[in-house]
Amino acid sequence: MEFPYMEAVLGFMILMYIFETYLDMRQHSALRLPTLPKPLLGVVSHEKFEKSRAYSLDKSRFHFVHEAFTIAMDSSILYFGALPWCWKKSADLLISMGLNPENEILHTLAFLAGVMLWSQIIDLPFSLYSTFVIEARHGFNKQTIWLFFRDMFKSMCLSLVLGPPIVSAIIVIVQKGGPYLAIYLWAFVFVLSLVMMTLYPVLIAPLFNKFTPLPDGDLRQRIEQLAASLKFPLKKLFVVDGSTRSSHSNAYMYGFFNNKRIVLYDTLIQQCKNGEEVVAVIAHELGHWKLNHTMYSFVAVQHTVIPLQHLVSFVLNLVSRAFEFQADAFAKKLGFGAPLRAGLVKLQEENLSAMNTDPWYSAYHYSHPPLVERLAALDAPDKKAD
């Protein structure tokens, strides 16, 4: 008797959905709490708390609907054999075009193109509602419907340009790999990740956003001085026009070896009226670099095994939260404890992030610790060296 692989996969999917829905319900209950957690009383305004609560509850309700639809769709696709049907139809399409369906690369590309188009169509209503109803209702969405579809078109074009050579290379490796297939695949994915991390900020990201050098002034000077004091090889300092799409804020750095760049969202600069808070956020990010968190995370992701993705994701989130505490401590050690604290509160308020979080939910889903935990760690006295 053959092992019932389809039933096993389907059962696992449903069990994971039930488990994650249970966590979602716990988080939803936490979001409904009418008061701030005690550590945030007097720190976050009641007005911001109410706005954050309304935004988080809207997203939570939408998440329940989206996930229920997704599990129903995925289970139906698996149970009724939609993927084998799509594989057969892609062969028929190739024949109608005068191409050979026995060519595994052409057949796979036709199949993936159909699946990608189907996924875009199915997910489009949810993306539109999330962007133009929920995000707009709470003052975050800044993009027009034209910009939304233009971004979608660009993304599809990039998939059509980058997808075929990558998929073709993977198929050739599978065909020729023999007993060393896993090693060859890992090496290919590793090199591909390095190439994409290099090309994305230089060639791909500018297709969607405008990157301009941070103007000369006090903020630029202080960031450059901080980078120099840590021997961070900062080559370029950019501001990205994130406000054209959303009022959410962020900052990040990228680059290899001695070619590092820092990018600030224009919304971050606007929201943190005090430049010291922006510098403190950068000090936190530089802490990740100084403590080699980026390299550790990159190597860990390369060893992700797909069948164990839920477990691996959980472990990576645990590690990521530990890294965030370490980066906060690094910034505090540099003398940015107070402005970082203020900056974290400001970002939490302006992004209307959840103030009340369920501990089980955050432990499973969050890559960053909840604000309450980060503030407690920053407020804790430094441990004295023995």
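- Gln27 places a side-chain N or O within donor-acceptor distance of the main-chain N or O of Asp358, the cut-off being under 3.5 Å.
- Separation of atoms CZ (Phe49) and OG (Ser56) is listed at 9.0 Å; rounding is to 0.5 Å.
- Applying the side chain to side chain donor-acceptor pair (under 3.5 Å) rule to Arg150 yields no partners; only residues at least two apart in sequence or on another chain are considered.
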*Given Ile134 and Tyr55, is the side-chain contact (heavy atoms from CB on, under 4.5 Å) satisfied, shown in steps?*
CA-CA 8 Å; Ile134 295 179; Tyr55 177 53; 4.2 Å; yes
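- Sorted by first and then second residue, the side chain to side chain donor-acceptor pair (under 3.5 Å) pairs involving residues 156-184 (not counting sequence neighbours) are Glu104-Gln175.
- Remark: the backbone N or O of Pro359 is paired with a side-chain donor or acceptor of Ser362 at under 3.5 angstrom.
- Shortest non-hydrogen contact noted between Glu277 and Pro339 is CG-O, 3.7 Å.
- A salt bridge links Arg53 with Glu50: at least one charged nitrogen is closer than 4.0 Å to a carboxylate oxygen.
- With values rounded to the nearest 0.5 angstrom, Phe188 atom CZ is found 5.0 Å from Ile170 atom CD1.
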Could you pull out every donor-acceptor pair under 3.5 Å between side chains of residues 261-270 and any protein atom, sequence neighbours left out?
residue	atom	partner	partner atom	Å
Asp266	OD1	Gly242	N	3.3
Asp266	OD1	Ser243	N	3.1
Asp266	OD2	Ser243	OG	2.6
Thr267	OG1	His248	O	2.8

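- In this structure, the side chains of Asn250 and Val240 stay at 4.5 Å or more apart for every pair of heavy atoms.
- One distance of note links NE2 of His66 with OG of Ser130; it measures 9.0 Å at 0.5 Å rounding.
- The closest donor-acceptor contact from the side chain of Asn351 to the backbone of Leu347 lies under 3.5 Å.
- No donor-acceptor pair under 3.5 Å is formed between the side chain of Arg26 and the backbone N or O of Tyr361.
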Output a table of donor-acceptor pairs, distance under 3.5 Å, between side-chain atoms of residues 29-47 and any protein atom two or more places apart or on a different chain; print 'none' if there are none.
residue	atom	partner	partner atom	Å
Ser29	OG	Met25	O	3.1
Ser45	OG	Lys48	N	3.2
Glu47	OE2	Lys51	NZ	3.4

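- Hydrophobic clustering (side-chain heavy atoms under 4.5 Å, transitive across Ile, Leu, Val, Met, Phe, Trp, Tyr) groups Val345 together with Met355.
- Between the side chain of Glu224 and the main chain of Leu237, no donor-acceptor pair closer than 3.5 Å is present.
- Hydrophobic clustering (ILVMFWY, side-chain heavy atoms < 4.5 Å, transitive): Ile105 and Leu162 are in distinct clusters.
- Under a hydrophobic-cluster definition in which Ile, Leu, Val, Met, Phe, Trp and Tyr are linked whenever side-chain heavy atoms come within less than 4.5 Å, directly or via other members, Tyr252 and Leu340 are assigned to different clusters.
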*For the pair Phe126 and Thr70, evaluate side-chain contact (heavy atoms from CB on, under 4.5 Å) and give the outcome as yes or no after the intermediate values.*
CA-CA 11 Å; Phe126 294 100; Thr70 300; over 6 Å; no
Pair up each side-chain donor or acceptor in residues 328-338 with any protein partner under 3.5 Å, not counting sequence neighbours, and list the distances.
residue	atom	partner	partner atom	Å
Asp328	OD1	His284	ND1	2.6
Asp328	OD1	Arg374	NH2	2.8
Asp328	OD2	Arg374	NE	2.9
Asp328	OD2	Arg374	NH2	3.2
Lys332	NZ	Leu378	O	2.7
Lys332	NZ	Ala380	O	2.7
Lys332	NZ	Asp382	OD1	3.3

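- Taking the side chain as every heavy atom from C-beta outward, Ile204 and Met196 approach each other to under 4.5 Å.
- Closest heavy-atom contact between Cys272 and Val278: CB-CG2, 3.6 Å.
- Shortest non-hydrogen contact noted between Arg220 and Pro213 is NH1-C, 4.3 Å.
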_Working for side-chain contact (heavy atoms from CB on, under 4.5 Å), residues His365 and Asp24_ = CA-CA 10 Å; His365 284 291; Asp24 292 338; 4.2 Å; yes
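- Here Thr198 pairs with Phe256 under the side-chain contact (heavy atoms from CB on, under 4.5 Å) rule; sequence neighbours left out.
- Val279 has its side chain within reach of Leu219: a pair of non-hydrogen atoms, C-beta onward, lies under 4.5 Å apart.
- Taking OG1 of Thr108 as the reference point, atom CD1 of Ile171 lies at 3.5 Å (rounded to 0.5 Å).
- Taking 4.5 Å as the limit, every side-chain heavy atom of Leu371 sits out of range of all side-chain heavy atoms of Thr357.
- For residues 145-167, every residue pair satisfying the ring pair (Phe, Tyr, Trp, His ring centres under 6.0 Å) rule, not counting sequence neighbours, is listed here: Phe132-Phe148.
- At a cut-off of 3.5 Å, with distance as the only test, no side-chain donor of His288 or Gln326 sits close to an acceptor on the other residue.
- Considering every non-hydrogen atom in both Ala363 and Arg321, the closest pair reads O-NH2, 3.0 Å.
- Residue Ile14 shares its hydrophobic cluster (ILVMFWY side chains chained together at separations under 4.5 Å) with Met6, Val9, Leu10, Met13, Tyr17, Ile18, Ile71, Leu78, Tyr79, Phe80.
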*Full working for side-chain contact (heavy atoms from CB on, under 4.5 Å) between Glu350 and Ser247*: CA-CA 8 Å; Glu350 296 300 326; Ser247 57; over 6 Å; no
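- Cluster membership for Phe325 and Phe323, using ILVMFWY side-chain heavy atoms within less than 4.5 angstrom, is not shared.
- Qualifying ring pair (Phe, Tyr, Trp, His ring centres under 6.0 Å) partners for Tyr129, counting only residues two or more places apart in sequence or in other chains: Phe62.
- The two atoms that bring Val281 and Ala251 nearest to each other are CG1-CB, 4.4 Å, heavy atoms only.
- Atom OG of residue Ser127 and atom CG of residue Asp151 lie 11.5 Å apart, to the nearest 0.5 angstrom.
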Counting only pairs under 3.5 Å, give me each side-chain donor-acceptor contact of residues 85-95, with atom names and distances, residues two or more places apart or in other chains.
residue	atom	partner	partner atom	Å
Ser90	OG	Cys86	O	3.3
Ser90	OG	Trp87	O	2.6
Ser90	OG	His107	NE2	3.0

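- Of all the heavy atoms in Leu234 and Lys236, the pair that sits closest is CD1-O, 3.2 Å.
- Screening residues 194-233 for ring pair (Phe, Tyr, Trp, His ring centres under 6.0 Å), with sequence neighbours left out, gives Phe232-Trp289.
- Judged by distance alone, with hydrogens and angles left aside, the side-chain atoms of Asn103 form a donor-acceptor pair with the main-chain N or O of Leu106 at under 3.5 Å.
- Sorted by first and then second residue, the ring pair (Phe, Tyr, Trp, His ring centres under 6.0 Å) pairs involving residues 21-44 (not counting sequence neighbours) are His28-Phe64.
- Follow the hydrophobic side-chain contacts under 4.5 Å out from Leu57 and you never reach Leu352; the two are in separate clusters.
- Side-chain contact check for Asp123 and Ser119: no donor-acceptor pair (N or O, by modelled atom type) lies under 3.5 Å.
- Looking only at side-chain heavy atoms (C-beta outward), Arg245 and Thr131 stay at 4.5 Å or farther from each other.
- Taking NE2 of His368 as the start and OG of Ser320 as the end, the distance is 5.5 Å to the nearest 0.5 Å.
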